[in-house]
Structure formats: structure tokens, C-alpha cells
Amino acid sequence: MNFQWYPGHMTKAKRQMQEDIKLIDLVIELVDARIPLSSRNPDIDELGKNKYRLILMNKADLADKERTREWSAFFKEKGFFVVSLDARSKSGMKSITDIVMEACKEKIERDRKRGIKNRPVRAMVVGIPNVGKSTFINSYAGKACAKTGNKPGVTKGKQWIRLNKSVELLDTPGILWPKFEDQTVGLRLALIGSIKDEILNVDELAVELVKFLKAEYPGLLAQRYEVSEENDIIELIRAVAVNRKCLSKGGEPDYSKAAALIIDDFRSGKLGHITLERPEI
Ligand code: GDP
């Protein structure tokens, strides 16, 4: 996780994706439910054209349920099948196969009319780093899966996970690069911890987060840290340092420690269910 991208990586990832996508019927795209747009790379729309499309809004356990509903409607409106989930929990996986079949029903019907029986739907998981691709594949495939590889017509070395008689999944996910050249996108990726903190300063991240929370989730900071939201942002973070005993070696309130605490509390969900962006309708 948390790796840096260079142009060479992106070209390689794109080329790999172009190859893999030829082998499949359905693209299962994972996004982070806290930033459903900023955690997407829209290039997948071009790469995955003519494929069936399913968006999994993952880490929904950390996101604002109302916003998740809005985002779900937004993506459905655009023609995607959508499921929100916590990929760590196996319980949400049962419904995925039904949705996969539903998304691919045209193909299944076409096969049936041509007399082709038992040809499984093939899918691959894609997404930017850290959205939960490996976690999802592990939960969805579970232990019971049998790996099937090197079938005729399949690129040598490709491993397929046979999920059941109807669905096969490419065992390695496609990695998309984030659109971090957009500053707002970069900031949101940094807030959820998908970009190294060394790149974006935690003090500044905390300022941006506090600004956002004051506006979009009023009362939340006041409640958790017993601070007044009337304060300006720097004062508010200092007050968190005092109340939470974030102290420097000399015993002074330590602003940076408080900033890091607020960011950690957000990332771990301790601040509550928060989504950082709304769909523009
Ligand atoms: P990948 O880089 O897309 O393969 O992401 P990983 O599967 O390695 O997951 C990145 C991190 O997110 C790991 O620490 C996972 O435990 C965590 N994670 C994955 N899915 C979820 C989820 O639905 N909810 C929460 N809270 N954490 C998740």
C-alpha cells in the first residue's frame, strides 16, 4: 500500500490492464466509499468500454450512510451496478454473485440461446491502491475456491479463481493509478491515508479536515474533543492538544501531535461515519 507512482508504472499498469480486460466479461471496480469519485480513475471507463460494470463502494463501514445512498444512486444513474460493502466481512459476499449474474444477464442469455451451457462469467477486480482489492478477493473467494489456470485460450500464467459454477475471477487485481494531479483529489486521498504522509504535511491535512468537518458535520469535533467550534481552526487544534494532553517534551501543548490525533481518529472511524465528497447532481 501507499506506493508512489511514476509515469513508467502507469504505462505498465495500463498496458497490463488492456491485456487482462480482453479476457473478461465484467469489471468489478472498487472505490473508497468515503471518496467515491476521488478514489476512481476515470480511464477505466475507456479501458472497460463494452464490458459489464460493477462498482463496489468499499469501506462503507467508515462512510456516511446517507452519502453512500446518494453515491449509489449517482452511479446507478450512470448505468453501473453498485454495491456498498465492508470487504473484511464475509457476510456481505453472498449477494455479490447474484449482482454479478444480474450485471451479465445479457451475455448469459445470449450463451443460452446459442446452446452454450455452463460457460462461467469472467470478472476482474480493479481499483487504485489501498481501496481493498486484495481484501475483497480473499473474502469473496474464501478458502473453498479451486484455482484453474492455463486453460486453452487463456494467456499463459493467468490464474482464475473458480468461485462457483457461474463465476470465475482473475486472481490478480488490476491496479489503477490515482488522479493525484488534481489537488483536491490529492488532498482527499491523503486524508484517507492513501498517499504517504511525507508528501502532504499532517499539520496541513488536519487544517483541511477540521475546515471540512466544521462546515459539513457541525458539532462533531466539539463533541469528541470538548472544544468550541467557534474558535478559528488553529485555535481549535490547539484546544484539542490541551484537552487530549498532546504535549511536547517540555510539557507544552503540541500542535502537530493533536493534528496527527485528529487525522488518525478520522481514518480509523473514531470520529464517526464521514464521507468527504458529495455527488454533483
Ligand atoms: P488493495 O491495495 O486495494 O489490495 O487494498 P488492501 O486489500 O490491501 O486493503 C487496504 C487496507 O484497507 C487494509 O488495511 C484492509 O484491512 C483495509 N480494508 C479493506 N477493506 C476494508 C473495509 O471494507 N473496511 C475497512 N474499514 N477497512 C478495509
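Whatever order the structure lists them in is the order used to number ligands and atoms, beginning at 1. Bear in mind the structure is a predicted one, so any value in this text is a computation, not a measurement.
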Could you list the atoms of ligand 1 found under 4.0 angstrom from a heavy atom of [X]?
X    : result
N130 : 1 (P), 2 (O), 3 (O), 5 (O), 10 (C), 11 (C)
L62  : 26 (N)
D61  : 22 (C), 23 (O), 24 (N), 25 (C), 26 (N)
K133 : 1 (P), 2 (O), 3 (O), 4 (O), 5 (O), 7 (O)

Is the closest basic N to carboxylate O distance between K14 and D43 below 4.0 Å? yes
So, are R53 and D45 salt-bridged, with charged N and O less than 4.0 Å apart? yes
So, applying side chain to side chain contact (heavy atoms under 4.5 Å, CB included) with L30, which one of I128, V131, N130, V126 is it? V131
So for ligand 1, is V131 a polar contact partner (N or O within less than 3.5 Å, distance only)? yes
Report yes if P129 has an N/O atom closer than 3.5 Å to an N/O atom of ligand 1; otherwise report no. no
Report the C-alpha separation of I263 and L209 in whole Å, then their side-chain angles, then the decisive distance to 0.1 Å, and conclude whether the side chain to side chain contact (heavy atoms under 4.5 Å, CB included) test is met. CA-CA 8 Å; I263 295 291; L209 181 62; 4.0 Å; yes
Between A63 and T68 the two heavy atoms that sit nearest each other are CB-OG1, 3.7 Å
